[in-house]
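First comes the structure, then the notes that go with it.
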Amino acid sequence: MSATPTSHADPATKSMDELVALCKRRGFVFPASEIYGGLNGFWDYGPLGTALKNNIRDHWWKHTVTCPPIDPDTGEPVSIVGLDSSIIQNPKTWEASGHVGGFSDPMVDCTETKKRYRADHLMVFIGVIIPSESQDDSVKVMNARYFAFLENDEASLKTALKKAKKAAASLKGEFVDRSGMAMMLTGTSVGQPIDRSRVMGPDATQFGTLTEPREFNLMFETTVGAIKSDENKAYLRPETAQGIFLNYKNVLDTMRVKVPFGIAQIGKSFRNEVTPRNFIFRSREFEQMEMEWFCAPEDSPKWYDFWKHERMRWWESLGIAKDNLRFRDHDVDELAHYSKMCVDVEYKYPFTAPGFGELEGVAHRGCFDLTQHQTHSKTKMEYFDQERQLKAKEEGKSKEEIDAVSKYIPNVIEPASGLTRAVLVLLCESFTPTPDRKGSAYIMSFKPKFAPVKAGIFPLVNKDGMPEIARDLYLKLRDKYPVEYDAKQSIGKRYARMDEIGTPFCFAIDGDTVEKGTVTVRDRDTTAQETINLDQVENYLDDKLKA
RNA sequence: GCGGGCGUAGCUCAAUUGGUAGAGCGUCAGCCUUCCAAGCUGAAUGUUGAGGGUUCGAGUCCCUUCGCCCGCUCCA
């Protein structure tokens with residue numbers, strides 16, 4: 001493609017507010033249920049946004065399922081099949097995957113300091129026992145004052161002890177250091193839950209400022225069937241990946257695939273995010289493009305590396321500047337529970353610049369998921385590798401040895417990206433203010449392949465035989481590409497509108513067309529014009545849209 | 001979920017101590033127009049985010065709620 005000097009501007013110079021305004025004004029993205037005041041974390045894709053999203057989706061599907069990359073070792077395309085699994089699955093799915101139970105850490109807020117703590121990290125000890133008429137120890141304990149501190153945090157414990165001593169003096173109570181027997185705030189004292197009104201938070205100066213522990217489960221719940229009860233509780237999937245693991249055996253049994261192979265899926269996922277923010281970057285309903293690559297455990301490092309670089313190549317194929325993309329390897333302590341290795345592909349969003357923000361994760365999930373589902377469902381997830389069996393037989397191995405190498409649970413490499421996040425990245429990358437241009441204030445410099453409208457077809461003026469020719473051209477081209485015909489208002493205004501929605505080419509039908517059969521092509525990024533024959537327009541578009 | 005700021009036409013913004021909700025741009029229609037938001041004429045568009053309260057009277061003051069932005073927190 002011709003260089004587009006304006007299209008790779010530094011994201012740091014772009015205003016999200018202006019981009020969001022353009023997206024709304026031109027029909028890319030609207031706030032969901034806007035007439036009712038919207039709903040935090042939900043967005044609707046307008047006519048152009050839908051077209052853009054579909055173009056990216058098709059590009060991913062093509063490069064993943066119908067035309068996947070070449071295996072460097074064999075020279076053959078790798079094997080990947082498509083899938084579309086249900087959004088709602090048997091809830092046991094999410095117990096096995098670890099989404100129920102493991103990730104709903106109760107949190108406690110401090111109303112005084114506005115700090116938030118994980119409830120299971122918050123420890124308390126008895127600091128002051130208030131004298132009482134009763135000799136019964138349990139009554140004394142029930143009136144005691146507690147001091148909270150953070151588990152394994154020396155400084156926090158010291159502070160709590162200090163505060164306890166001070167409080168003992170002012171309350172005329174007995175100071176008791178039972179920090180060695182500290183227990184969780186959520187625990188019980190003399191058989192009853194600890195009364196939070198007598199607990200002082202780690203950073204607080206008053207008692208009773210800690211809220212009740214609150215669950216933060218990020219899965220949306222729903223009810224299957226007419227009767228609402230716990231037994232009918234189900235979840236909207238928080239990732240598309242599990243649907244793939246659930247169908248791993250079905251695919252294996254029906255599709256004649258052999259390890260290594262992949263299963264790919266595009267679909268909606270739902271996470272009840274605490275803070276949806278930054279336009280469509282983190283929304284509660286979003287679309288994922290995920291592929292699970294099943295391979296032999298010892299080959300997994302090779303494939304991890306392979307997919308890491310393939311995915312970066314794919315992002316670059318969207319027309320994103322290399323400077324705006326990077327890898328970031330996850331530290332060991334930020335790895336998810338299932339993951340052995342993980343690398344993010346990151347993009348320099350206008351709201352993170354000069355920093356980068358997450359775009360896609362390529363994770364080495366080991367055999368965690370298949371093993372979990374094997375355990376929970378009691379369905380065998382083992383793969384029988386006939387080639388290995390034959391090889392081992394040839395090598396004269398014992399039966400036990402042969403079994404050991406030919407039966408295994410595959411390891412999984414997962415490139416997981418967000419389709420709606422890809423839309424955001426293309427919007428950010430393409431959004432280009434053009435203050436020095438006379439007409440449009442902005443252009444959306446989409447790579448032609450992803451532009452919602454490929455070409456505008458304009459009669460220069462709405463008379464002298466031009467509209468008729470333009471209309472014929474439009475009717476011919478629309479069979480192949482999304483194109484628009486527009487004869488209203490001045491040609492400059494029409495060009496400007498096309499610039500803002502990112503239409504790469506405009507064909508103007510002028511007096512020369514009527515006389516000599518030539519049309520003028522106007523380039524969105526440079527505004528340069530060239531003259532071609534009317535009958536070459538289709539070839540011209542074919543050529544430009546190939547890349 | 002917490003704290004701060006902000007919500008007026010599709011967009012950008014006006015509206016005196018509380019006193020008739022306006023402009024530009026855009027959109028649409030007509031005319032004009034031989035290449036970059038040109039010109040002329042005309043038109044549509046608002047329960048002032050929503051709900052309640054105070055008041056003779058609320059865009060303006062008070063309460064609640066929703067949304068957006070920033071900072072925490074969270075992000076499997």
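Below, read A as the first sequence line, B as the second, and so on, with proteins coming before strands; counting in each chain starts at 1.
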Indicate the ring-plane relationship of [X] and [Y], choosing parallel, tilted or perpendicular according to the 30° and 60° boundaries.
X	Y	answer
A:Tyr485	A:Tyr474	tilted
A:Phe220	A:Phe270	perpendicular
A:His99	A:Trp94	perpendicular
A:Phe458	A:Tyr495	tilted

Over how many whole Å does the gap from [X] atom [atom1] to [N] atom [atom2] extend?
X	N	atom1	atom2	value
A:Phe42	B:C66	CZ	P	14 Å
A:Glu34	B:A9	CD	P	11 Å
A:Phe351	B:G71	CZ	P	11 Å
A:Asp17	B:C70	CG	C1'	11 Å
A:Arg277	B:G67	CZ	P	13 Å
A:Glu18	B:U12	CD	P	10 Å
A:Lys488	B:G26	NZ	P	16 Å
A:Phe281	B:C74	CZ	P	16 Å

Honestly, is [X] close enough over [Y], meaning NZ or CZ under 6.0 Å from the six-membered ring centre and within 45° of the axis?
X	Y	answer
A:Lys53	A:Tyr45	yes
A:Lys544	A:Phe505	no
A:Arg421	A:Phe281	yes

Taking for each residue the nucleotide of RNA chain B bearing the nearest heavy atom, is the 5' side occupied by A:Glu358 or by A:Trp43?
A:Trp43
Reading RNA chain B from 5' onward, which residue's closest nucleotide shows up sooner: A:Pro238 or A:Gly38?
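Nearest nucleotide further toward 5': that of A:Gly38.
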If you measure from the [atom1] atom in [N] to the same atom in [M], how many Å do you get, rounded?
N	M	atom1	answer
B:U65	B:C28	P	42 Å
B:U64	B:U54	C1'	15 Å
B:U16	B:U60	C1'	11 Å
B:C13	B:G7	C1'	13 Å
B:A14	B:U8	C1'	9 Å
B:G5	B:A21	C1'	25 Å
B:G53	B:A38	P	49 Å
B:G52	B:A58	P	13 Å

Below 4.0 angstrom from OP1 or OP2 of B:C68, is there any side-chain N or O of A:Asn40?
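Answer is yes, contact under 4.0 Å.
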Residue-phosphate contact under 4.0 Å: A:Lys24 side-chain N/O, B:G10 OP1/OP2
no
For A:Phe42, check ring-ring contact (aromatic ring centres under 6.0 Å, His included) against everything at least two apart and list the hits.
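Not a single residue meets the ring-ring contact (aromatic ring centres under 6.0 Å, His included) criterion with A:Phe42.
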Check this for me, if you would: do A:Arg497 and A:Glu484 make a salt bridge, where the nitrogen-to-carboxylate-oxygen distance has to be below 4.0 angstrom?
no
Name the nucleic acid region contacted by A:Phe279, choosing base, sugar-phosphate or nothing; use a 4.0 angstrom heavy-atom cut-off, strictly under.
sugar-phosphate
So what does the secondary structure string of RNA chain B come out as, 5' to 3', with Watson-Crick or wobble pairs under 3.5 angstrom, [ ] for crossing and | for pairs with another strand?
(((((((..((((.....[..)))).(((((.......))))).....(((((..]....))))))))))))....
Can you check whether A:Phe245 reaches A:Thr93 side chain to side chain, under 4.5 Å on heavy atoms?
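No, too far: nothing below the 4.5 Å cut-off.
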Sort out for me which residue in A:Lys308, A:Arg365, A:Arg311 forms a salt bridge (Lys or Arg N to Asp or Glu O under 4.0 Å) with A:Glu414.
A:Arg365
Does the protein touch nucleotides 31-48 of chain B at the base, only the backbone, or not at all? Give it as B, S and - per nucleotide, heavy atoms under 4.0 Å.
--BBBBBB----------
